[in-house]
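As the structure is a computational prediction, the values presented were derived from the model and not from experiment. Within every chain, numbering begins at 1; the chains are lettered A, B, ... in the order of the sequence lines, protein sequences first and strands thereafter.
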2 protein chains.
Amino acid sequence: MTVNAGPGKREQRLRKSDVTRGRILDAAAEVFRDKGYPGARLSDIADLADTQAGSLYYHFDSKEQLAEEVLAIGVDRVSAAVGAATEALPAGAPFADRLSAAVEAHVAGMLQNDAYSAANVRIISQVPIDVRERHLSRHRHYGAFWRDLLAAAQAAGEIRADVDLPAMRMLILGALNWSVEWYRPGRLTPQEIARQFTEMILRGILPQSKRF
Amino acid sequence: MTVNAGPGKREQRLRKSDVTRGRILDAAAEVFRDKGYPGARLSDIADLADTQAGSLYYHFDSKEQLAEEVLAIGVDRVSAAVGAATEALPAGAPFADRLSAAVEAHVAGMLQNDAYSAANVRIISQVPIDVRERHLSRHRHYGAFWRDLLAAAQAAGEIRADVDLPAMRMLILGALNWSVEWYRPGRLTPQEIARQFTEMILRGILPQSKRF
DNA sequence: GTCTATAAAGAGATAGAC
DNA sequence: GTCTATCTCTTTATAGAC
């Protein structure tokens, strides 16, 4: 990061502009998550960020650009969290542990961290086509993490050979992403949800006696 | 159904009004599925139904009412299809068969039947609160089918006792509903997707040697 | 940098002719 | 029953004061 002479003080000091910009982005993520892209009004975002709709345009060019940044942050954060969680495991850790760590980090991103990752899954299919296209490379990057994780595991004999990996990836990510639609704080915690999901994916739900 | 003297001909004959109304509903389901509730314009729906935006109001009071009927039809149809598929099985059919039939019927509703059920999952979280509340009883009715199916199976020892049933229901329905977001005709057919999902849920993905 | 005011466009909904 | 025209309201975006 380049040193910045700054407005009076030393370097490092956050400019007021950046703070406000961040507050607006946070608000946008929350509103997008709750109302979707077309349903989110700039006035909703401004209200939540304690400013006026017109003032947003000092920091952002358009609603589209706001969505684009929320999308990027959302996938980057969940990607980083999931990557960090799996890389923290010992080198030769079994697939079951890797899956468990990845699932738990992804669920946390959806349900208990900031709103960016949940907003991402909510609005990705609703934003204008050009925004979605510019977002595609980041999206694929995260998809590749899962593809690689599963491919390595199947190659190592840790996933049955007859399991279709794309279907498995969609089952897992679908179940995780859908949690945004139904989860409300109360019964199961995000960690418990992650644990239950991981166990079902690994072992299935049949009792020993019925396994085939 | 009451006999209707009709406009000239005998009873039974579909009135022109009903045909048009149905065409508009079909169009609305498709547009809602593709653009979400706030993103769908009445002009989009009118275009697809080969009529004018203003003409919709002869058949429907408002955009909300249109959404309400699409929601109702969507859940009723998938509910009926899933119910029929499971009831077609022999009386004491094992849980694996019941689950397989239910999953296949639900996936078909999402991916290859008309657009109503897919529209339902796309807009349910986006419609005005009062629409959602009026829809709730139908939604719960379908939810109860799955709750009962899983509860009976666990009571009969066909699902491990330590599986959390609400989590299992959300895993299954999440994976199935999310297919609306990623599926494109091409590689796997809806039937193959259903089969892969069912197998993973029942058996998990570990090879025999790694099972625990 | 942020505000207020307002322009410009788009959406749902209504009116009245046919 | 459907169309065209239009009303009204909302929303994104811009302009200019402070």
In terms of heavy-atom contacts, B:A29 and B:A119 come closest through O-CB, 3.4 Å
From OH of A:Y58 across to P of D:dA17 the rounded distance in Å is 18 Å
Output, in order, the C-alpha distance, side-chain angles, deciding distance and verdict of salt bridge (charged side-chain N to carboxylate O under 4.0 Å, His left out) for B:E181 and B:R122. CA-CA 9 Å; B:E181 301 286 331; B:R122 263 281 177 85; 2.9 Å; yes
Here the pair of heavy atoms bringing B:M170 nearest to A:F197 is C-CZ, 4.4 Å
- Query: Got more than 12 heavy atoms from elsewhere within 6.0 Å of CZ, A:R187?
  - Reply: yes
Note: A:F95 and A:E158 closest approach over all heavy atoms is N-OE2, 3.2 Å
A:Y142 and A:D76: side-chain donor and acceptor closer than 3.5 Å? no
Between CZ of A:F60 and P of D:dT14 the distance, given in whole Å, is 15 Å
Protein-proximity profile, nucleotides 3-14 of chain C, B/S/- by nucleotide at the 4.0 Å heavy-atom cutoff, equals BB------SSBB
**Message:** With no hydrogens and no angle check, just 3.5 Å: does a side-chain donor-acceptor pair link A:Q196 and A:E192?
**Reply:** no
Whole-Å distance, A:L66 CG to D:dT11 C1', equals 15 Å
So CG of A:D164 and CZ of B:R195: to nearest 0.5 Å the spacing works out to 11.0 Å
Terminal axes of the helix from C:dG1-D:dC18 to C:dC18-D:dG1 (5 end pairs apiece), angle rounded to 10 degrees, sit apart by 0°
